Amino acid sequence: FERMDEVGIGNFFDELNDLGVFLVVISGGEPFISKKLLSLLQIAMEKGFLVEIFSNLQYMPKWFLSSEYENFRIGRIQTSVYSPISKIHDGITRNTGSLERTIKNIHLLAGKGYLVEVATPLMRKNFASFATMAKKPLDT
């Protein structure tokens, strides 16, 4: 989508509609840093599509949280929390402070009424801390 103009994006959604598609999942790289995300969401809404966004929630553009854009048809936003322990989560993402930013943005989005789904992909690096996920709320 980064290489397409709005007409091309609109034509793409028309083709999807002709195929019977009604749900579009926007995922990585990182959707919220895309310069085309706003146009993409506006066109998807105009064409009647339901949208889901898969994001690491490290960055949340101010325009997305604005009440001006609350009418997008977003079914859910999904993110990954690898561990409730910052050292483990941040180690997996290789980004210091990523757990704190992700949790902050989960709360911001949930407060705006978005359905936010948190997944925990299991791997060797976080498996030992997995049991604490159910016990420790995401309010750190």
Side-chain angles (χ1 to χ4, degrees):
F1 290 107
E2 292 297 323
R3 295 185 189 134
M4 298 172 80
D5 62 12
E6 290 184 8
V7 172
I9 293 171
N11 290 339
F12 179 73
F13 277 111
D14 289 339
E15 290 178 32
L16 291 176
N17 189 43
D18 291 345
L19 293 169
V21 174
F22 63 91
L23 171 68
V24 175
V25 177
I26 302 171
S27 65
E30 172 49 44
F32 285 113
I33 63 171
S34 170
K35 294 176 181 164
K36 299 275 181 134
L37 182 61
L38 177 56
S39 293
L40 184 80
L41 291 173
Q42 288 173 324
I43 293 168
M45 180 187 65
E46 290 166 5
K47 304 255 181 202
F49 283 83
L50 180 64
V51 175
E52 294 185 353
I53 299 173
F54 289 12
S55 166
N56 62 29
L57 295 184
Q58 294 299 297
Y59 170 75
M60 187 60 43
K62 291 180 183 177
W63 63 261
F64 190 81
L65 298 172
S66 164
S67 59
E68 181 180 352
Y69 299 106
E70 288 179 345
N71 294 327
F72 293 134
R73 295 180 43 155
I74 297 177
R76 77 176 162 152
I77 298 172
Q78 186 184 56
T79 193
S80 295
V81 172
Y82 298 100
S83 173
I85 301 166
S86 294
K87 183 177 180 179
I88 295 171
H89 178 90
D90 294 0
I92 290 170
T93 64
R94 297 184 192 147
N95 196 341
T96 302
S98 63
L99 177 62
E100 183 179 332
R101 285 188 299 278
T102 297
I103 291 173
K104 175 186 158 225
N105 287 326
I106 288 169
H107 288 293
L108 278 171
L109 291 167
K112 299 284 288 173
Y114 289 104
L115 171 63
V116 182
E117 182 179 271
V118 178
T120 303
L122 294 178
M123 54 192 76
R124 286 186 179 103
K125 291 180 179 182
N126 71 344
F127 188 75
S129 71
F130 174 68
T132 63
M133 287 296 289
K135 296 176 185 172
K136 185 174 181 183
L138 293 179
D139 60 1
T140 57

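Side chains are part of it too, since the values below use all heavy atoms of this structure and drop only hydrogens, waters and symmetry mates. No experiment lies behind these values; they were computed from the predicted model shown.
Two different hydrophobic clusters hold V116 and F54 under the rule that ILVMFWY side chains link at heavy-atom gaps under 4.5 Å. Under the 4.5 Å side-chain heavy-atom criterion for ILVMFWY residues, no single connected hydrophobic cluster contains both L50 and L40. A single hydrophobic cluster is seen to contain both Y59 and V81, as judged by linkage of ILVMFWY side chains at heavy-atom distances under 4.5 Å, directly or through other members. Transitive grouping of hydrophobic side chains (ILVMFWY, heavy atoms separated by less than 4.5 Å) keeps L19 and V25 in distinct clusters. Under the 4.5 Å side-chain heavy-atom criterion for ILVMFWY residues, a single connected hydrophobic cluster contains both I33 and V51.
D90 and T96 share no side-chain donor-acceptor pair at under 3.5 Å.
Judged purely by atom type and a 3.5 angstrom limit, N17 has no side-chain atom pairing as donor or acceptor with the backbone of F13. Under the 3.5 Å distance criterion, the side-chain polar atoms of S83 are left unmatched by any main-chain donor or acceptor of H89. E117 contributes no side-chain N or O that, together with a main-chain N or O of Q78, makes up a donor-acceptor pair within less than 3.5 Å. Judged by distance alone, with hydrogens and angles left aside, the side-chain atoms of D5 form a donor-acceptor pair with the main-chain N or O of G8 at under 3.5 Å. T79 contributes no side-chain N or O that, together with a main-chain N or O of V118, makes up a donor-acceptor pair within less than 3.5 Å. With hydrogens and angles disregarded, no donor-acceptor distance shorter than 3.5 Å links the side chain of T102 to the backbone of S80.
For R101 against N95, the heavy-atom pair with the smallest separation is NH2-OD1, 2.9 Å. For the pair S66 and K112, the tightest heavy-atom approach, listed with the atom from each and the gap, is C-NZ, 4.4 Å. Pairing each heavy atom of G10 with each of I43, the nearest pair is CA-CG2, 3.8 Å. Across all their heavy atoms, I85 and S129 have their closest contact at CD1-CB, 3.8 Å. Closest approach of N126 and P121 over heavy atoms only: ND2-O, 2.9 Å. In plain terms, the two heavy atoms of L37 and P31 that are nearest each other are CD2-O, 3.4 Å.
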Check your understanding: Going through the distances and angles, do L57 and F32 end up as a side-chain contact (heavy atoms from CB on, under 4.5 Å)?
Key -> CA-CA 8 Å; L57 295 184; F32 285 113; 3.9 Å; yes
Check your understanding: Passes side-chain contact (heavy atoms from CB on, under 4.5 Å), L16 versus K47? Steps please.
Key -> CA-CA 10 Å; L16 291 176; K47 304 255 181 202; over 6 Å; no
Review point. Run the side-chain contact (heavy atoms from CB on, under 4.5 Å) check on F49 and V21 step by step: do they pass?
Key: CA-CA 8 Å; F49 283 83; V21 174; 4.0 Å; yes
Point to revise | Full working for side-chain contact (heavy atoms from CB on, under 4.5 Å) between I74 and F64 | key: CA-CA 11 Å; I74 297 177; F64 190 81; 3.5 Å; yes
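Here NE2 of H107 is found 11.0 Å from CG of L109. Values are rounded to the nearest 0.5 Å. Note that CG of L23 is 4.5 Å distant from CD of E52, once rounded to the nearest 0.5 Å. Here the straight-line distance linking atom CZ of R73 with atom CG of L41 works out to 12.5 Å at 0.5 Å rounding. Atom OG in S55 sits 10.0 Å away from atom CD1 in I106 (nearest 0.5 Å). A distance of 7.0 Å separates CD of E6 from CD of Q42, quoted to the nearest 0.5 Å. Taken from CE in M60 to CG in L65, the straight-line distance is 6.0 Å, to the nearest 0.5 Å.
Remark: L38 CG is packed, more than 12 non-hydrogen atoms of other residues, nucleotides or ligands lying under 6.0 Å away. Within a 6.0 Å sphere centred on NZ of K87, other residues, nucleotides and ligands contribute 12 heavy atoms or fewer. For F12, the CZ atom sits in a loose shell: 12 or fewer heavy atoms of surrounding residues, nucleotides or ligands are nearer than 6.0 Å.
Between F72 and W63, the ring planes are perpendicular. Angles over 60° get that label, and only those under 30° would be called parallel.
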